[in-house]
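Beneath this line is the structure, given in structure tokens, with notes to follow.
Atoms within each ligand, like the ligands themselves, are counted from 1 in listed order. The analysis underlying the following values was restricted to heavy atoms, covering all of them including side chains, and did not include hydrogens, waters or symmetry mates. Everything numeric in this text was worked out from a predicted model, so none of it was measured.
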Amino acid sequence: MGERTHVRLTRFEHAGRTSLGLVRNDEVVDLTDAGDVPRDMAGLLTAGPNGLEAVARAATAAPRVALGDVRLLAPVPVPGKFLAIGLNYADHVRETGSEAPEFPVFFNKQRTCVTGPFDPIHVPRASNLVDYEGELGVVIGRRCRHVPADRAFDVIAGYLVVNDVSVRDWQVRAPTMTLGKSFDTHGPTGPWLTTADEIAAPEALRIRTWLNGELRQDGNTSDMIVGIARQVEVLSTVFTLEPGDIISTGTPAGVGFTASPAVFLAPGDVVRIEVEGLGAIENPVIEEPPETVTIG
Ligand code: ZN
């Protein structure tokens with residue numbers, strides 16, 4: 001069973017290629033040529049326990065690379081859906097001057113906003129009111145519909161850290177919040193996907209955000225208003241959830257726009273978010289590069 005502990009699945013770049021890997025202490029096990037391990041994260045999640053068993057078998061013989069020598073990438077680069085919930089911690093509801101919603105307020109982050117755990121966050125040319133939100137991300141592992149709350153954890157593959165980066169003026173331009181939540185690079189995720197069996201109590205994890213080394217958020221997932229199971233239940237009432245879908249479960253108090261004076265992300269800043277047991281992501285903030293119209 002020793003090989004099953006610390007199942008941290010990663011995608012990483014090393015020596016010019018992108019690979020699926022398993023993080024072990026300060027090394028990454030390269031699963032690229034590892035027998036019957038699926039080739040990509042969506043395939044691996046879809047394979048469920050069989051996929052993880054293949055990983056465990058392959059891990060003993062597969063080559064290893066020092067963690068410091070690789071670039072970690074978003075564990076799920078193109079989730080089918082990237083959902084999030086608003087106003088889900090009482091202290092955050094208070095700091096925004098809102099009322100706790102009667103029904104969970106879900107919104108979409110467009111999946112093209114997904115970026116890696118250490119990649120830059122852009123301050124877009126369209127706005128400089130860019131804010132951070134440290135969150136626990138849930139990754140779905142099974143295709144499912146109408147999942148009752150008491151079975152919700154059966155469909156969760158694992159967890160990762162999310163920064164639900166938000167552009168505050170665009171966020172309030174429409175009730176859907178979609179535009180302000182979806183700028184490219186505004187979905188940092190990682191640093192890897194920790195499988196659900198490693199996290200005994202996902203609703204009792206400390207979650208902290210630092211801006212330039214200063215602690216700005218210090219919450220605990222035990223303070224969620226709508227728990228993980230209920231979120232899965234509500235969402236799957238409406239649509240099919242699929243392996244690789246990400247649900248970002250809300251942010252505790254301490255976001256930038258409610259501080260006085262308000263704090264927004266600026267080029268040169270560094271945002272670090274750590275969730276207990278899942279590791280930390282740390283993204284530098286840069287100006288959106290001066291590219292012109294892009295039409296592929
Ligand atoms: Zn959020």
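Checking side-chain atoms of Arg125 against main-chain N and O of Pro289 turns up a donor-acceptor pair under 3.5 Å.
If you look at Glu135 and ask which of its N, O or S atoms sits nearest the Zn ion (ligand 1), the answer is OE2. If you look at Asp164 and ask which of its N, O or S atoms sits nearest the Zn ion (ligand 1), the answer is OD2. When the N, O or S atoms of Glu133 are ranked by distance to the Zn ion (ligand 1), OE1 comes first.
If you look at His92 and Tyr89, their ring centroids are not closer than 6.0 Å. For Phe183 and Trp170, the ring centers sit closer than 6.0 Å to each other.
Counting heavy atoms from C-beta outward, Leu241 and Val147 have side chains that stay 4.5 Å or more apart.
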